[in-house]
Amino acid sequence: MVPAMRFFATCAKGTEGALRRELSALKLHAVRGERGGVSFEGKLEAGMKACLHSRVAMRVLLELSRFQAEDAAGLYDGAGAIPWADWLTQKTTLAVEATVRDAPALSHSGFAALKVKDAVVDALREKLGARPDVDTKDPDIRIVLHLAGAEATLSLDLAGEPLHRRGYRTAPGVAPLKENLAAAVLALGGVEPDRPFLDPMCGSGTLAIEQALRARRIPPGLSRPMGFQRWPVYRGGPQSAWDRMKEVARAEVRTHAPAPIVARDMHPKAIAAARENLAAAGVAADVRLEQGDAREVDPAEVGGEAGSLCTNPPYGERLMGKGEREEAPQVDRREAANQRRKLEGLYRGIAEAVGRFHGWSAVFLSGSPLLERAFPMKPEVSHRLWNGPLEVKLLRYRVR
Ligand SMILES: C[S@@+](CC[C@H](N)C(=O)[O-])C[C@H]1O[C@@H](n2cnc3c(N)ncnc32)[C@H](O)[C@@H]1O
């Protein structure tokens with residue numbers, strides 16, 4: 001029997017629980033939450049399934065080897081011992097990416113990546129009599145080194161382009177959420193796909209689009225190319241497995257969302273960006289776009305039963321950032337105080353508006369402690385996660 005392969009799906013810090021539940025629901029084996037991601041086991045098809053269906057994962061890595069590498073020579077030897085000819089031919093272009101943590105002898109990630117590249121190229125030259133080329137921008141195969149202390153893990157990246165790039169973001173807007181983080185907010189916030197949904201500060205529309213994709217059961221990886229499709233092994237069994245997987249998924253897609261989805265923003269530019277992205281995602285007919293102030297929203301406008309209000313309000317991060325406050329001259333400090341008052345006013349208005357949504361849940365991805373202070377009640381969920389380098393909070397209120 002062929003031993004099971006080991007995979008590691010990465011995600012935004014703090015969203016591991018959502019990813020673990022998602023991968024378990026896909027019936028993958030040995031699903032285990034770890035720091036920064038979730039591991040699972042299976043055949044190559046298991047990794048492909050995660051690429052097609054996971055809304056929360058950023059990458060899916062197939063682990064080829066784990067070994068001790070105290071220094072550059074150890075890394076070269078360990079990497080050279082992998083049977084690379086199983087995965088690449090001399091015509092396969094490759095790139096090596098490295099992340100390095102607590103490795104004094106190999107602290108430079110570029111140097112570590114170079115050592116791995118040398119090992120791969122030398123091993124293939126010896127085996128095949130010719131070497132493959134490196135293409136850092138658009139390689140056929142991406143090799144990923146993770147070095148933590150002296151433990152090296154070498155993997156292949158199944159997705160290629162990170163999975164949050166679903167392919168629908170044609171208009172970026174201001175401070176858009178990554179698509180997989182938006183999906184994690186919906187999952188961690190307990191937003192139900194079949195109930196009414198409102199994002200009153202939608203920006204480029206990411207939360208509403210992700211909600212519409214869930215509601216219509218459109219897998220996030222259905223319409224984008226995956227890295228593994230360029231692997232030499234793909235043309236054997238995996239290609240037909242991938243085609244079949246997508247066919248089954250397509251048959252599950254609903255023609256329309258079963259409940260209203262409304263996205264609002266005060267700014268016409270945000271509405272224009274959201275409109276473009278909704279169309280690119282193929283869910284324009286499922287989401288009603290409206291221009292208006294979040295403080296004036298009313299559940300009657302959404303229609304249907306009680307559902308979820310879910311949004312990512314402005315944080316005022318730039319003006320209130322710690323570093324800037326310390327160094328800022330007098331005038332900037334006054335401006336920051338002004339911004340703070342504005343933000344407090346906005347949050348109070350939002351809290352008042354939310355009070356009108358009896359029976360609804362209200363989910364926020366918030367970067368400011370001022371939001372929580374504006375609410376008269378305590379959140380029933382308060383969860384820390386990371387929006388890139390920014391620590392943010394997911395808050396859920398039940399409106400009674
Ligand atoms: C952090 S951005 C949201 C980004 C969004 N989640 C995305 O992925 O693109 C906050 C949005 O709130 C909008 N906004 C600010 N104040 C508002 C208000 N009073 N009413 C409605 N929208 C508002 C801004 O125009 C901006 O688009």
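Residues take their numbers from the sequence shown, with the count starting at 1. All of these numbers come straight from a predicted model, not from anything done at the bench.
- Applying the side chain to side chain donor-acceptor pair (under 3.5 Å) test to pairs two or more places apart or on separate chains, those with a residue in residues 172-187 are His164-Glu179.
- Contacts of Ser366 classified as side chain to side chain donor-acceptor pair (under 3.5 Å), with partners at least two apart in sequence or in another chain: none.
- With sequence neighbours excluded, the residues forming a salt bridge (Lys or Arg N to Asp or Glu O under 4.0 Å) with Asp286 are Arg216, listed by chain and number.
- Pairs engaging residues 288-302 under the side chain to side chain donor-acceptor pair (under 3.5 Å) rule: Arg264-Glu290, Arg264-Glu301, Arg288-Glu290, Asp293-Arg295 [sequence neighbours left out].
- Among residue pairs with one or both ends in residues 368-389, those qualifying as salt bridge (Lys or Arg N to Asp or Glu O under 4.0 Å) are Glu372-Lys393, Glu380-Arg396, Glu380-Arg398, Arg384-Glu391; sequence neighbours excluded.
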For a quick test of your reading: what N or O donor-acceptor pairs under 3.5 Å do the side chains of residues 141-154 make, sequence neighbours left out?
| unit_1 | atom_1 | unit_2 | atom_2 | d |
| --- | --- | --- | --- | --- |
| His146 | ND1 | Thr99 | OG1 | 2.9 |

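- Contacts of Arg214 classified as salt bridge (Lys or Arg N to Asp or Glu O under 4.0 Å), with partners at least two apart in sequence or in another chain: none.
- For Arg125, the salt bridge (Lys or Arg N to Asp or Glu O under 4.0 Å) partners at least two apart in sequence or on another chain are Asp122.
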I'd like a table of donor-acceptor pairs (distance under 3.5 Å, sequence neighbours excluded) in which one partner is a side-chain atom from residues 41-48, with atom names and distances.
none

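- Atoms CG and OG, on Leu19 and Ser24 in that order, are 9.0 Å from each other to the nearest 0.5 Å.
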Identify all side-chain donor-acceptor contacts of residues 86-96 below 3.5 Å with residues at least two apart in sequence or on another chain.
| unit_1 | atom_1 | unit_2 | atom_2 | d |
| --- | --- | --- | --- | --- |
| Thr89 | OG1 | Lys91 | N | 3.0 |
| Thr89 | OG1 | Thr92 | OG1 | 3.3 |
| Thr92 | OG1 | Thr89 | N | 2.8 |
| Thr92 | OG1 | Thr89 | O | 3.3 |
| Thr93 | OG1 | Asp140 | N | 2.9 |
| Thr93 | OG1 | Asp140 | OD2 | 3.2 |

Result block: side-chain N/O donor-acceptor pairs under 3.5 angstrom for residues 342-354, not counting sequence neighbours:
| unit_1 | atom_1 | unit_2 | atom_2 | d |
| --- | --- | --- | --- | --- |
| Tyr347 | OH | Pro314 | O | 2.6 |

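- Every residue two or more places apart in sequence or in another chain that forms a salt bridge (Lys or Arg N to Asp or Glu O under 4.0 Å) with Asp138 is listed here: Arg230.
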